[in-house]
2 protein chains.
Amino acid sequence: MKCKYALKALVVLAAAEDKMPSKAIAKKAKVPEKFLEAILTELKKNGAITSERGAFGGHRLAKPPAKIMVGHIIRAIDGMLAPVSCASTFYYKKCRDCTHEEVCVIRHAMLEVRNQLSDKLDGMSVQNLLDMSPKQKQKIFW
Amino acid sequence: MKCKYALKALVVLAAAEDKMPSKAIAKKAKVPEKFLEAILTELKKNGAITSERGAFGGHRLAKPPAKIMVGHIIRAIDGMLAPVSCASTFYYKKCRDCTHEEVCVIRHAMLEVRNQLSDKLDGMSVQNLLDMSPKQKQKIFW
DNA sequence: CATATTCCTATAGACTTTATAGGAACAAAG
DNA sequence: CTTTGTTCCTATAAAGTCTATAGGAATATG
């Protein structure tokens, strides 16, 4: 959910013409307000969005939506893409239950899975998401 | 872990020449005994293995390892492959936060992901896992 | 009957998920 | 300088999932 909410928020921001307060994003994205606040903070830390405080403050994308990659966001919010930590590039960690990692058949298999997954996810941008929406005036994304 | 343990148990059984008691599998696979017991029960329900009770009982594969698919096992143990339930084929469930599923951009994107994932995982058998192990007498899989 | 095993049920600690609540810090407008 | 609308920060918490552990009933063999 958290990850999904993050992506929804980014799509809303990508479609918006100006900065938006979290309340407005929450409404458009149908995400619990306070929960979204925390997510936006994470997205900011991650460099995907920027924010302005105070009255008439709000959030906006930090870069063009075509440069914000879904894989990057998922890693920031959810953690590793790989099914097992020993097959992760960005969150590598040794397994307790395998001693000969070089020959571990589970690891080899899961490396293949993780590579395919990251190819897909790192090649998919927020702009791509936006483009999946059918062309119409009243934008409904979900 | 659970899923990984299940796959490890299946690889051990695939490499074995005869039925094996759970204790022996646990040792070879380096999986907690009692936990493995529960997993083997699930694998049996799923049709991947058969078992015999009593002294000299044990577990064996229910079919040739080339016909036991990793995707099938993961679904049985972990549940859906899809990142979101609305994009799952076998575990479909409507999201609360999306009303127009047909146009939902998140769902469309995650459908692509789940399709690639299931192609990979449903095309990978326990035999394939076994074949990833380097050829040598003393079989060490992990 | 003794032994080795699967099978079944219950329990439990730690962690993750999915939030909610309350208020401090900040910025703009009147 | 007060009001209003924000972000930002910290704490709390209910529910669920994960990762087992424990104990023993049922079953099969010799």
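Lettering follows sequence order; numbering is per chain, from 1.
To the nearest angstrom, P of D:dA28 lies 12 Å from NZ of B:Lys19. Straight-line distance from the CD atom of A:Glu42 to the P atom of D:dC9: 12 Å, rounded to whole Å. Put simply, CZ on A:Phe35 is 15 Å from C1' on D:dT12, counting in whole angstrom units. Put simply, CE on B:Met20 is 10 Å from P on C:dT6, counting in whole angstrom units. Across the protein-nucleic acid pair, A:Met1 atom CE and D:dA15 atom P stand 19 Å apart, rounded to whole Å. Summarising the geometry, the separation between CZ on A:Arg60 and P on D:dT6 is reported as 15 Å, rounded to the nearest angstrom. Computed from coordinates, the A:Leu13 CG to D:dT7 P distance equals 11 Å when rounded to whole Å. Atoms CG (B:Leu40) and P (C:dC7) sit 9 Å apart, rounded to a whole Å.
Heavy atoms of A:Lys44 sit under 4.0 angstrom from primed sugar atoms or phosphate atoms, though from no base atom. Within the nucleic acid shown, B:Lys2 comes within 4.0 Å of sugar-phosphate atoms alone, with no base atom in reach, counting heavy atoms only.
In this structure, the nucleotide among C:dT18, D:dA20, C:dT6 sitting nearest to the side chain of B:His59 is C:dT6.
Heavy-atom distances to DNA chain C give each of B:Phe56 and A:Pro32 a nearest nucleotide, and the one nearer the 5′ end belongs to B:Phe56. Sequence order on DNA chain C of the closest nucleotides to B:Lys23 and A:Glu52 puts B:Lys23 first from the 5' end.
For C:dA19, one of the phosphate oxygens OP1 or OP2 lies less than 4.0 angstrom from a side-chain nitrogen or oxygen of A:Tyr5. Side-chain nitrogen and oxygen atoms of B:Ser51 include none within less than 4.0 Å of the OP1 or OP2 phosphate oxygen of C:dT6.
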For B:Lys19 and B:Leu13: C-alpha separation, side-chain torsions, deciding distance, then whether side-chain contact (heavy atoms from CB on, under 4.5 Å) applies.
CA-CA 7 Å; B:Lys19 70 192 160 194; B:Leu13 286 177; over 6 Å; no
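With 3.5 Å as the limit, one finds no donor-acceptor pair spanning the side chains of A:Arg60 and A:Ser51.
In this structure, CG on A:Asn115 lies 8.5 Å from NZ on B:Lys120, to the nearest 0.5 angstrom. Here the CZ-CG distance, from A:Arg75 to A:Leu121, works out to 7.5 Å after rounding to the nearest 0.5 Å.
For A:Glu42 and A:Lys2, the salt-bridge test passes: some basic side-chain N is under 4.0 Å from an acidic carboxylate O. Classification of B:Glu101 and B:Lys94 as a salt-bridged pair fails, no side-chain N sitting under 4.0 Å from a carboxylate O.
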Heteroatom pairs (N/O) under 3.5 angstrom, protein to nucleotides 24-27 of chain D:
residue : atom : partner : partner atom : Å
D:dG24  : O6   : B:Lys34 : NZ           : 3.1
D:dA26  : N3   : B:Arg53 : NH2          : 3.3

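Of the possible polar contacts, one joining the B:Asn128 side chain to the B:Ser125 backbone as a donor-acceptor pair under 3.5 Å is found.
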